[in-house]
Amino acid sequence: MKGATKLNEFFDVMGFFKSQVLPELKSQSSHPVLKADSLKFIVTFRSQLPLEAYKSLIELIAQHLKHDSYVVHTYAAACIERILAVKDNGKTRFNKAHFKPYIKPILPLLFSIFEKRGSEENEYAMKAVFRVCTVGEEHLAEVAGTVIQSITTILSKVAKNPRMPNFNHYLFETLACLVKNICNAHPKAIATFEKALFPPFNMMLGMETCREFGPYVFQILAQLLEMHKEITQPFKNIFASLLHPAMWAEKGNIPAMIRLLVAYLRVDYRVVGEKLEGLLGIFQKLIAKKRDDHFGMALISAIVEKIPIKLWKQYAKAFIQMMFMRLKNSTTPKFTRNFVSFAGFFCHKHGADSFVEICEGVNKGLFSNLLQKILIPNIEKVDGKTERKSCAVGMTDLLCKSKTMVSGDYPRIWPQLLKAIINLFEIPEQTYTLEEDIMDISERGFKTAYCRLAASAEKKYDPLADVPNVKQYLALSLGQLSKQYPGKIKAAIGNGLPAEHQGALERYLSQAGATIA
């Protein structure tokens with residue numbers, strides 16, 4: 001339903017709309033086919049209709065949601081959804097301020113469609129509910145209780161026999177949208193959502209008939225937990241079950257469950273208690289698979305970041321050795337990049353020499369080989385904003401705060417590491433993104449077991465918030481290092497760094513107000 005984007009100059013859209021379409025929609029005796037065609041006209045030419053027309057149309061279209069004809073009430077729902085989707089210069093034309101007066105009367109009419117025979121799982125109606133919630137944002141607060149009750153009632157029904165993937169997806173998107181919009185505006189509402197959602201979620205996770213709902217449930221649970229400052233009792237009650245192997249046997253659960261476990265660690269690592277080995281077991285299982293290794297790396301990074309080192313230090317050699325085995329026996333470019341980012345993150349959080357010590361504990365002399373063959377060649381290839389920052393900051397710590405790098409044979413390698421860090425700053429990151437309407441899942445299909453909820457996007461989180469500017473961090477760190485070794489760092493840069501890299505470094509130093517002694 002993309003609609004008309006170009007018109008024949010001889011076709012008067014507004015004239016036809018006023019003379020033919022509006023009378024049919026206003027008529028009480030018009031044939032259902034004519035009503036459906038009139039609604040289809042609005043869907044097709046929605047972009048050409050002015051904002052003022054939308055205001056007069058919404059109430060008129062809403063009345064057709066009551067129509068017993070499947071075609072008519074379905075087109076009415078699609079019509080509302082498409083009108084709310086129209087954008088001008090990236091901004092919604094009929095925005096939340098315009099739409100606010102219509103939210104309360106339209107939502108019950110949309111939900112009434114699911115009570116009609118043949119429309120119990122009408123995906124167009126559910127997509128319209130989602131769009132209403134998306135556009136309405138915080139204005140949904142006064143009807144949130146009714147909407148949640150309606151959604152959970154529908155969930156209980158479809159869980160017994162899930163048949164319509166698109167319908168189910170928009171159902172969970174609506175829940176995620178409500179959590180996002182209402183809980184961000186009214187934090188006290190989080191408890192209300194938990195009280196309403198935990199019983200049906202627990203029921204669904206225990207049912208054989210709706211395993212495909214697991215990824216959706218875990219995404220919304222993670223979304224709720226990320227809003228907390230402490231872990232509430234319902235979340236404490238389910239933690240142990242999240243480590244059960246049966247949960248991880250479902251491939252589609254993995255992305256959402258990792259997000260949920262990371263949320264637990266970030267809110268309060270103490271919930272782990274004596275179950276740290278269970279988390280490490282999950283890491284071991286995930287890192288062994290090329291498809292899932294990045295989820296394993298996300299989990300171990302959260303463990304390293306949030307759990308005190310005294311609690312996991314005894315396992316450090318083992319989990320680092322697992323990574324080395326992957327690098328040696330069956331690495332991939334993706335895993336190598338993730339490892340380099342993790343190495344940098346570890347160096348910053350727990351000290352570069354601590355990382356070197358663990359590597360040397362696995363195999364003496366291993367770190368030199370790792371540095372020259374894995375770390376330095378792949379620093380500039382790391383992708384992702386947070387991953388690149390972790391790499392830049394951690395490798396700067398290795399360069400400037402490690403006793404290892406200024407002893408033995410390492411000074412020979414030192415300029416190569418500096419060059420790689422500068423490359424990370426200067427060489428553009430390779431990224432591939434696909435722009436799409438987040439509401440339109442028609443082209444995605446449901447062939448995969450996991451389908452991301454657009455309204456449940458993970459909150460932005462910077463694990464290295466203590467470093468606001470990575471180039472400045474490099475410049476200041478080099479300045480401090482040069483004071484410890486007057487003349488040596490300057491000579492190493494002059495002799496070992498290409499002229500273009502020296503030029504870039506001079507810019508960093510100038511902008512940071514730092515100098516090399």
Side-chain angles (χ1 to χ4, degrees), residues 77 80-82 84-87 90-92 94-96 99 103 106-107 110-111 123-141 143-152 154-155 158 164-187 189-190 192-194 196-198 200-201 204 212-228 252-253 255-260 262-263 433-444 446 448 450-461:
I80 289 172
E81 189 275 322
R82 289 289 81 192
L84 294 176
V86 174
K87 292 186 177 182
K91 295 184 179 180
T92 303
F94 198 65
N95 59 37
K96 62 181 180 181
F99 190 53
I103 293 173
I106 280 180
L107 278 171
L110 283 169
F111 278 110
E123 67 179 81
Y124 295 98
M126 187 52 70
K127 187 176 182 180
V129 172
F130 177 30
R131 184 73 76 175
V132 167
C133 293
T134 301
V135 174
E137 296 185 352
E138 71 277 5
H139 296 319
L140 287 158
V143 296
T146 303
V147 176
I148 294 170
Q149 185 177 0
S150 299
I151 292 287
T152 52
I154 295 170
L155 274 174
V158 299
M164 307 290 286
N166 284 16
F167 177 85
N168 296 336
H169 183 86
Y170 290 125
L171 182 63
F172 282 100
E173 282 282 18
T174 301
L175 270 180
C177 185
L178 288 169
V179 170
K180 179 178 109 174
N181 291 338
I182 295 175
C183 294
N184 281 335
H186 308 281
I190 298 173
T192 303
F193 275 91
E194 287 183 8
L197 295 180
F198 263 91
F201 280 2
M204 285 183 282
E212 62 264 45
F213 286 178
Y216 293 128
V217 169
F218 293 127
Q219 284 180 80
I220 294 175
L221 288 176
Q223 183 182 9
L224 282 167
L225 186 54
E226 287 163 0
M227 294 178 169
H228 276 295
N253 287 344
M257 288 187 69
I258 285 295
R259 177 183 171 185
L260 181 55
V262 169
T433 57
L434 177 64
E435 292 187 5
E436 60 178 350
D437 179 356
I438 63 169
M439 304 287 295
D440 186 8
I441 58 173
S442 60
E443 296 301 318
R444 296 190 229 167
F446 287 83
T448 56
Y450 175 77
C451 198
R452 181 181 64 85
L453 292 172
S456 181
E458 192 168 355
K459 292 180 70 174
K460 290 183 179 180
Y461 176 79

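Formation of a donor-acceptor pair under 3.5 Å by the Glu173 side chain with backbone atoms of Ala454 is found in this model. Counting only distance, with no hydrogens or angles, the side chain of Asn181 and the backbone of Cys133 share a donor-acceptor pair below 3.5 Å.
When all heavy atoms of Val135 and Leu84 are compared, the closest pair comes out as CG2-O, 3.8 Å. Across all their heavy atoms, Pro215 and Gly252 have their closest contact at CG-O, 3.2 Å. The nearest pair of heavy atoms linking Ala263 to Glu226 is CB-CG, 3.9 Å. Of all heavy-atom pairs spanning Ala189 and Ile182, the tightest one is CB-CG2, 3.9 Å. Considering every non-hydrogen atom in both Val217 and Met204, the closest pair reads CG2-CE, 4.3 Å. Of all non-hydrogen atoms in Ala176 and Ser456, the two that sit nearest each other are CB-CB, 3.8 Å.
Between atom CZ of residue Arg259 and atom CZ of residue Arg452 there is a gap of 9.5 Å, rounded to the nearest 0.5 Å. If you take OG1 on Thr134 and CZ on Phe130, they are separated by 4.0 Å, rounding to the nearest 0.5 Å. Within the model, atoms CZ of Phe201 and OG1 of Thr152 stand 9.5 Å from one another, a figure rounded to the nearest 0.5 Å. Atoms CG and OG1, on Leu178 and Thr192 in that order, are 12.5 Å from each other to the nearest 0.5 Å. Going from atom CG of Leu155 over to atom CZ of Phe213 covers 6.5 Å, rounded to the nearest 0.5 Å. Separating the CD1 atom in Ile148 from the OG1 atom in Thr174 is a distance of 11.5 Å, to the nearest 0.5 Å.
Side-chain contact between Ile80 and Arg131 is absent, with no heavy-atom pair separated by less than 4.5 Å. Side-chain contact between Ile220 and Phe193 is absent, with no heavy atoms from C-beta onward closer than 4.5 Å. A 4.5 Å side-chain heavy-atom check between Leu107 and Thr146 finds every atom pair outside the cut-off. A heavy-atom distance below 4.5 Å is not found between the side chains of Val262 and Tyr461. Inter-residue side-chain proximity for Tyr170 and Val129 is flagged as unmet; no heavy-atom pair is nearer than 4.5 Å.
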*asked:* Pair Met227, Asn184 - check side chain to side chain contact (heavy atoms under 4.5 Å, CB included), show working.
replied: CA-CA 8 Å; Met227 294 178 169; Asn184 281 335; 3.6 Å; yes
*What do the steps show when you test Leu453 against His169 for side chain to side chain contact (heavy atoms under 4.5 Å, CB included), and what is the final call?*
CA-CA 8 Å; Leu453 292 172; His169 183 86; 4.0 Å; yes
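Annotation: Glu138, atom CD; neighbour count of heavy atoms from other residues, nucleotides and ligands within 6.0 Å is above 12.
Comment: Glu137 engages Lys96 in a salt bridge, judged by a side-chain N to carboxylate O separation of less than 4.0 angstrom.
Phe198 meets the ring pair (Phe, Tyr, Trp, His ring centres under 6.0 Å) test with Phe235; sequence neighbours excluded.
Ring planes of Tyr216 and Phe172: parallel class, angle under 30° (limits at 30 and 60°).
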